[in-house]
Amino acid sequence: MHIPDGFLDAKTFVALDVVGAGFVAVAAARARRALSERAVPLMAVLAAFIFASQMLNFPVAGGTSGHFAGGALAAIILGPWAATLVMTLVLVIQALVFGDGGVLALGANVFNMAVVTPFVGYGLYRLIRRLWRNEAGRFVASFAAAWLAVVAAASTCAVELAISGTIPLAVVLPAMTVVHAVIGVGEGLITALALGALRATRPDLLELAPGGGAR
Amino acid sequence: MRHSFLDKYSERDSFFHRRDARVKIIVAAAAIVTLNALRAPPWYVPAAAAALLVAAVAAARLPFRYVFARAAAVLPFSIIIGIFLPFTTEGRAIWQLPAFGHAAVISDAGLRLYATVIVKAYLSLAYVVLLLATTPFQSLLKGLAWFRVPVFLLSLLSFTYRYIFVLVEEIERLQRAWAARYFGRRRLAQFRTLGPAVAALFVRSYERAERIWAAMLSRGYDLNKI
């Protein structure tokens, strides 16, 4: 889902660079206020955690595989703003050091995977938890949140490519959405099982997000 | 660790390596912005960018194969995502795919745009590879500080870069541990391994962050220096 340079036109990447920078500035200011200097090791090590966990592959359909993305998991544990900061760090390192995603397209990739993913994931998680408070509700909430977060990011990615005139929306939106609706199942299962395992072993770490987070 | 980093050759010595990081950032940024300013730039823009790139790689005494192979990482995505361009761009029809009737017409303008997009994506990444192969990551961050990128973000990036090595090794240990205990890969059963593995990695990361913070405090860490 990392958009390289060359696929977005100037109006699209400039607009998304500005929007992305705005979200990152707010996220950084909030992390600094909440954690002060402790934000540096905590956010950075958790960014490295997301990077490393993205090396986990799982089988999808017909011999293909997807990899874990982690944006919704980060948002459920840390809250959406901290997740925005953590995911942005991952994306910057991927663009500069690994060549995943373009540097001008960084704002677009930040918007899709560090803004849309955490906020959609966190929003849906809290909504389902409010309506369905038992143990099954926890699993369903984290599964659905991670699934929708992946699909939503893929859809905004498709819309950006269409606005840039690279591919017509009628082609790219269904293609991206369907592929990621399948990949999202793996993401949802890993997220829900990881949160279950965390609750069993270190429930204290689920209270990191402002307002109680993943309780 | 199997990962290879783009700044692998950054500690070499050449005319290009000795230049200030800020100069190299400007060169790479100017090239990438020029390439991407127009949706379909005239042919001499990518041609000039490619010529300049070859000259810079030679001046930096980098292995050509390394730069051009690393930049090729962008090709699978580009070729797949761009595949519809020849069909959907208005232009003179040059070829019809018989299997799909007249809906699948390849136009000359579409084919040209497809090639342009791939060349733009490839050259843009090649300039990033050039920048990172001639500038150690920490020097790059110091250079970015001069361009008013907040020091807070640069410290975060510097730490993230440092701990990626550590945590990738951590996950390789986890993978080795479950490979040693688990025979075969049944589809759904895998997720029962992957979920708790992510949780274990998270706990280890969080505890590591706490130890790092304690160590930083005891050494008098100052956030405003990188």
Side-chain angles (χ1 to χ4, degrees), chain A residues 2 4-7 9-10 13 24 28 32 37-49 51-53 55-56 58-59 68 70 73 77 85 89-90 92-93 95-100 102-104 161 164-168 171-172 186 189-190 192-198 201-202 205, chain B residues 5-7 32-33 35-37 39 70-71 73-74 77-78 81-82 84-85 88 117-118 120-121 124-125 128-129 132 137 140 150 152-153 155-157 159-161 163-164 166-168 170-171 187 190-192 194-203 205-206 208-209 212-213 216 221 223:
Chain A
H2 292 67
D5 284 328
F7 282 81
D9 64 354
F13 70 69
V24 174
R32 220 173 156 165
E37 289 178 337
R38 191 167 167 263
V40 173
L42 186 60
M43 295 291 114
V45 174
L46 294 183
F49 152 72
F51 182 94
S53 67
M55 293 174 66
L56 293 172
F58 53 81
F68 184 61
L73 180 72
I77 297 177
L85 187 57
L89 294 173
V90 174
V92 173
I93 298 273
L96 288 179
V97 186
F98 296 93
D100 267 341
V103 287
L104 297 178
L161 290 168
S164 298
T166 308
I167 323 175
V171 175
V172 70
L189 281 174
I190 295 180
L193 290 168
L195 285 168
L198 263 183
T201 52
R202 288 291 300 272
L205 295 186
Chain B
F5 287 80
L6 293 190
D7 74 348
I32 296 170
V33 167
L35 275 167
N36 291 287
R39 198 160 102 87
R70 287 310 300 252
V74 82
F77 180 96
S78 309
I81 288 290
F84 300 103
L85 276 171
T88 56
V117 163
I118 292 175
K120 275 161 67 181
S124 301
L125 179 54
V128 174
V129 177
L132 267 290
F137 192 66
L140 181 74
F152 180 63
L153 282 180
S155 314
L156 283 167
L157 284 173
F159 267 76
T160 307
Y161 184 70
Y163 286 100
I164 275 176
V166 177
L167 290 188
V168 167
E170 191 94 62
I171 207 156
R187 293 204 151 215
Q190 275 194 65
F191 290 101
R192 293 212 166 275
L194 288 172
V198 170
L201 187 67
F202 177 76
V203 172
S205 309
Y206 187 83
R208 187 182 288 277
I212 294 165
W213 173 234
M216 284 161 65
Y221 173 71
L223 178 62

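The sequence lines fix the lettering, A, B, ..., with proteins before strands; numbering per chain opens at 1.
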Part of [X] lying under 4.5 Å from any heavy atom of chain B:
X	result
A:Arg38	both
A:Leu198	both
A:Val24	side chain
A:Ala192	neither

Considering all heavy atoms of both residues, which atom of [X] and which atom of [Y] are nearest to each other, and what is their separation?
X	Y	answer
B:Leu125	A:Gly99	CD1-CA, 3.4 Å
B:Ser205	A:Phe49	OG-CB, 3.4 Å
A:Val45	B:Ala209	CB-CB, 3.9 Å
A:Leu89	B:Leu153	CD2-O, 4.5 Å
B:Val117	A:Gly6	CG1-O, 3.8 Å
B:Phe191	A:Leu193	O-CD1, 3.2 Å

Between [options], which has the largest tally of heavy atom pairs under 4.5 Å with chain B?
options	answer
A:Ala10, A:Pro168, A:Gly196	A:Pro168
A:Gly70, A:Gly102, A:Ala28	A:Ala28
A:Leu104, A:Asp9, A:Val90, A:Thr201	A:Leu104

Next on the checklist: Taking side-chain hydrogen bond (donor to acceptor under 3.5 Å, both in side chains) as the definition, give me every residue that meets it alongside B:Ser124, ordered by chain and number, with sequence neighbours left out.
Outcome noted: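 In terms of side-chain hydrogen bond (donor to acceptor under 3.5 Å, both in side chains), with neighbours along the sequence ignored, B:Ser124 is linked to B:Asn36.
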
Can you find a heavy atom in the side chain of [X] that is under 4.5 Å from one in the side chain of [Y]?
X	Y	value
B:Phe137	A:Ile93	yes
A:Met55	B:Val168	yes
A:Phe68	B:Val198	yes
A:Val172	B:Phe84	no
A:Leu42	B:Tyr206	yes
B:Phe77	A:His2	no
A:Leu205	B:Val203	yes

Of all of [options], which one pairs up most often with chain A through heavy atoms under 4.5 Å apart?
options	answer
B:Leu167, B:Val33, B:Leu85	B:Leu167
B:Val74, B:Ile81, B:Ile118, B:Ile212	B:Ile81
B:Ala37, B:Pro196, B:Ser78, B:Ala200	B:Ser78

Could you look at [X] and say if it's the side chain, the backbone, both or neither that has a heavy atom under 4.5 Å from chain A?
X	result
B:Ala73	neither
B:Phe202	both
B:Leu140	side chain
B:Leu35	neither

Item to check | Side-chain (B:Arg39) to main-chain (A:Gly165) donor-acceptor, under 3.5 angstrom | outcome: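 Between the backbone of A:Gly165 and the side chain of B:Arg39 there is a qualifying donor-acceptor contact (under 3.5 Å).
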
Next on the checklist: Quick one, A:Val40 with B:Phe152, criterion side-chain contact (heavy atoms from CB on, under 4.5 Å). Give me CA distance, side-chain angles, the key distance, then yes/no.
Outcome noted: CA-CA 8 Å; A:Val40 173; B:Phe152 180 63; 3.9 Å; yes

